[in-house]
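Note that this is a predicted model, so its numbers are computed, not measured. For ligands, and for the atoms within them, numbers begin at 1 and follow the listed sequence.
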Amino acid sequence: MAKSPVRIAVTGAAGQIAYALVFRIASGALLGPDQPVILHLLDLPPMQGALKGVMMELEDCAFPALAGMVATDDPKTAFKDIDIGFLVGARPRGKGMERKDLLGANAEIFTVQGRALNEAAKRTARILVVGNPANTNAHIAMKSAPDLSPDCFSAMIRLDHNRAASMLAGKAGVAVDAIEKLVVWGNHSPTMYPDYRFAEANGRKLAEIIGDEAWNRDVFIPTVGKRGAAVIEARGASSAASAANAAIDQVRDWVVGSHGRWVSMAVASDGSYGIPEGIMFGVPVTTEAGTVTRIPDLAMDEFARERFALTLNELKEERDAVAHLLG
Ligand code: NAD
Ligand code: LMR
């Protein structure tokens, strides 16, 4: 029997990340080529012409799984009965800016969209926030949608996880998909803590294979943390294809399952690891059919505690800076 279609919203649908995202969703890279999808595409009124062009191209791909499209500038229409939402639409940073400098420009978008999700989305919807600063925007959307469970929301830290995995694979001389139990803690910002203390490849501890703690502290952590800025410097625009790829990876693992592998997701804290409830913090999880299980009780040494505190304090500051928007 044919599967019923899954409704997927993408905001910022005429932007550069969306241009690398919607074709992959429609091709089946997210849910498989036999799962029909209906795309709900949201962008601002002046972008509706460009959005029409994207839809023409989607039609011209003749994707068998693309069962329909809705284009709109109204968040409630975009989120009506959706199963999955990719909240991408927001301003990107330019050279010399930090992502949190975007809070002023972008925070309001996520109060409006959180309220619209509250009204219109399926109660089981799974919503990924990509627009920066992603963790705090996800916090805003979640708090603006009190009738949806906090479990409906996550922020994207998978790009950082993928960047870290790729760099580690190169350093250790192992295949990237051999790496297990890698963690990226905290905020999608330079304070994030990519942590391979628990990571393994081919049954060996990655830290033993690498055997170079100075590289970890002086090269690996800062390079992963500043990779977004390095891409902006090189490309003149923020990452798009790798961001879309990470969004697919994070949502596919979330709704389909990670099959026992640890993945990093920024989810609303349940209080574990001393993170105040509700802060969207990158943690290691396993996932199955939309359910996230946090990996508990990982040991922290002194350096890990310092890194953890740094990123947590930044997220607390960002939360306090937007508190006025949340009543
Ligand atoms: P872009 O400027 O190419 O596209 C953004 C799109 O969003 C535009 O079409 C714009 O019209 C639209 N938009 C703006 N406000 C909107 C609103 N209220 N409702 C609907 N659409 C709206 O930018 P991009 O390169 O696609 O990046 C989008 C966001 O993703 C930026 O904030 C960027 O910093 C962020 N980003 C996050 C990650 C991550 O890992 N979390 C990675 C890369 C980029
Ligand atoms: C990234 O990490 O590439 C994105 O968050 C874009 C940025 O501003 O760095």
Side-chain angles (χ1 to χ4, degrees), residues 9-22 40-54 71-79 85-117 127-138 140-141 144 154-164 184 186-192 194 223-251 264-266 280 282:
V10 177
T11 75
Q16 54 153 2
I17 294 177
Y19 196 66
L21 178 64
V22 293
H40 292 214
L41 303 171
L42 176 72
D43 211 304
L44 298 174
M47 299 307 287
Q48 294 300 306
L51 185 51
K52 193 164 172 224
V54 174
T72 180
D73 58 17
D74 171 40
K76 270 186 238 157
T77 308
F79 298 146
F86 290 86
L87 304 195
V88 179
R91 247 183 69 189
R93 64 174 164 156
K95 288 184 189 180
M97 291 172 77
E98 284 303 341
R99 298 182 189 90
K100 62 184 166 195
D101 299 336
L102 295 168
L103 254 188
N106 289 341
E108 186 86 37
I109 296 174
F110 294 87
T111 52
V112 171
Q113 293 187 358
R115 287 185 203 129
L117 285 163
I127 311 295
L128 174 73
V129 175
V130 175
N132 276 321
N135 298 54
T136 298
N137 288 338
I140 294 170
S144 304
S154 80
M156 191 159 96
I157 197 119
R158 185 58 172 267
L159 181 53
D160 310 297
H161 183 106
N162 288 352
R163 286 168 171 164
V184 181
N187 199 6
H188 175 60
S189 91
T191 66
M192 76 181 79
T223 304
V224 176
K226 293 183 194 146
R227 184 69 162 185
V231 171
I232 292 172
E233 192 59 38
R235 223 172 76 83
S238 64
S239 64
S242 56
N245 178 66
I248 297 258
D249 282 352
Q250 184 161 333
V251 173
S264 306
M265 272 178 76
M280 286 278 170

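- With Ser264 as the fixed residue, the side-chain hydrogen bond (donor to acceptor under 3.5 Å, both in side chains) test singles out one of Arg158, His161, Gln250: His161.
- For ligand 2, the atoms closer than 4.0 angstrom to any heavy atom of Ser239 are 1 (C), 3 (O), 4 (C).
- When heavy-atom distances to ligand 2 are checked against a 4.0 Å cut-off, Arg163 comes that close only through its side chain, counted from C-beta outward.
- Only the side chain of Ile232 comes within 4.0 Å of ligand 2, judged by heavy-atom distances.
- Within the structure, the closest approach of Gly131 to ligand 1 falls below 4.0 Å when heavy atoms are considered.
- Near Met156, meaning under 4.0 Å from one of its heavy atoms, ligand 1 places the atoms 39 (C), 40 (O), 41 (N).
- Contact atoms of ligand 1 toward Pro92: 2 (O), 23 (O), 31 (C), 32 (O), 33 (C), 34 (O) (distance under 4.0 Å to a heavy atom of the residue).
- Near Val88, with a cut-off below 4.0 Å to any heavy atom, the atoms of ligand 1 are 28 (C), 29 (C), 30 (O).
- Note on ligand 1: Arg158 sits outside its first shell, no heavy atom being nearer than 4.0 Å.
- No side-chain donor-acceptor contact under 3.5 Å links Asn106 to the backbone of Ala90.
- At a heavy-atom cutoff of 4.0 Å, ligand 2 is contacted by the side chain of Arg99 but not by its backbone.
- Which of Ala13, Ala14, Gly15 comes nearest to atom 4 (O) of ligand 1 through a heavy atom is settled by distance: it is Gly15.
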